[in-house]
Amino acid sequence: MRTYNLRIPVVNTSPAPPTRCPFCGGGFFKALQVCPKPLRDLEYEEVEAMRYRCLRCRRTFRACPAGVSRAHHSDALRAVSVVLYLLGIGYGVVAFFLALLGSTLKKPIG
Ligand SMILES: [Zn+2]
């Protein structure tokens, strides 16, 4: 019998400092501001993101905590919803189940 391991990503609330600029690869930054990021997650409603300016190319970028990307949903919530969907549960029922857990997963209209 084959066994599977399910690893739900951990969501942190504050970001780690960046190591490289996503645009030019530079390694020196100036911290500009802490910007709260609203998040759809099973545990957190908001996390802290940090805005940096690259001292090499002068462009700004935002560093999000681990388990959080540019998307509205956390990696953990997306993983749980995908696993439920792969188990054969319909999208509407997955959204309903996640709503019972206190999170929202928007069902597309149409
Ligand atoms: Zn740069």
Side-chain angles (χ1 to χ4, degrees):
M1 181 175 171
R2 190 169 191 163
T3 60
Y4 296 96
N5 292 329
L6 175 62
R7 295 182 187 164
I8 303 297
V10 176
V11 176
N12 290 338
T13 56
S14 58
T19 57
R20 303 185 70 184
C21 171
F23 303 108
C24 72
F28 296 99
F29 316 100
K30 178 181 180 184
L32 295 180
Q33 69 181 60
V34 176
C35 41
K37 176 178 173 41
L39 186 69
R40 292 182 183 147
D41 184 53
L42 297 172
E43 191 171 351
Y44 304 107
E45 292 182 359
E46 184 177 281
V47 294
E48 285 184 354
M50 191 76 183
R51 181 160 292 283
Y52 291 94
R53 178 184 302 277
C54 175
L55 298 179
R56 185 173 170 192
C57 68
R58 309 280 302 159
R59 294 179 76 173
T60 61
F61 61 94
R62 187 169 66 173
C64 293
V68 179
S69 63
R70 294 181 60 185
H72 296 287
H73 301 86
S74 69
D75 294 347
L77 181 63
R78 288 194 287 177
V80 168
S81 61
V82 167
V83 166
L84 291 175
Y85 186 76
L86 290 177
L87 290 175
I89 301 172
Y91 191 87
V93 178
V94 170
F96 178 74
F97 180 72
L98 293 177
L100 289 178
L101 293 177
S103 184
T104 56
L105 185 68
K106 298 289 184 184
K107 184 176 181 180
I109 299 172

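Please read these numbers as outputs of a predicted model, since none were measured by experiment. For ligands, and for the atoms within them, numbers begin at 1 and follow the listed sequence. In what follows, every heavy atom counts, from backbone to side chain, and hydrogens, waters and symmetry copies are set aside.
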_Fellow cluster residues of F96, listed by chain then number, with links counted only when side-chain atoms sit under 4.5 Å apart_ = L100
*Could you check T13 against Y44 for side chain to side chain contact (heavy atoms under 4.5 Å, CB included), going step by step and ending with a plain yes or no?*
CA-CA 8 Å; T13 56; Y44 304 107; 3.3 Å; yes
*Before giving the answer on side chain to side chain contact (heavy atoms under 4.5 Å, CB included), spell out for C35 and R62 the whole-Å C-alpha distance, their side-chain angles and the decisive distance to 0.1 Å.*
CA-CA 9 Å; C35 41; R62 187 169 66 173; 3.8 Å; yes
*Between CZ of F29 and CG of L55, what distance do you get to the nearest 0.5 Å?*
8.5 Å
*Do other residues, nucleotides or ligands put more than 12 heavy atoms under 6.0 Å from E45 CD?*
no
_Closer than 2.8 Å to the Zn ion (ligand 1) - protein N, O or S atoms, ordered by chain and residue number_ = C21 SG, C24 SG, C54 SG, C57 SG
_One pair to check against side chain to side chain contact (heavy atoms under 4.5 Å, CB included): D75 and V10. What are the steps and the verdict?_
CA-CA 8 Å; D75 294 347; V10 176; over 6 Å; no
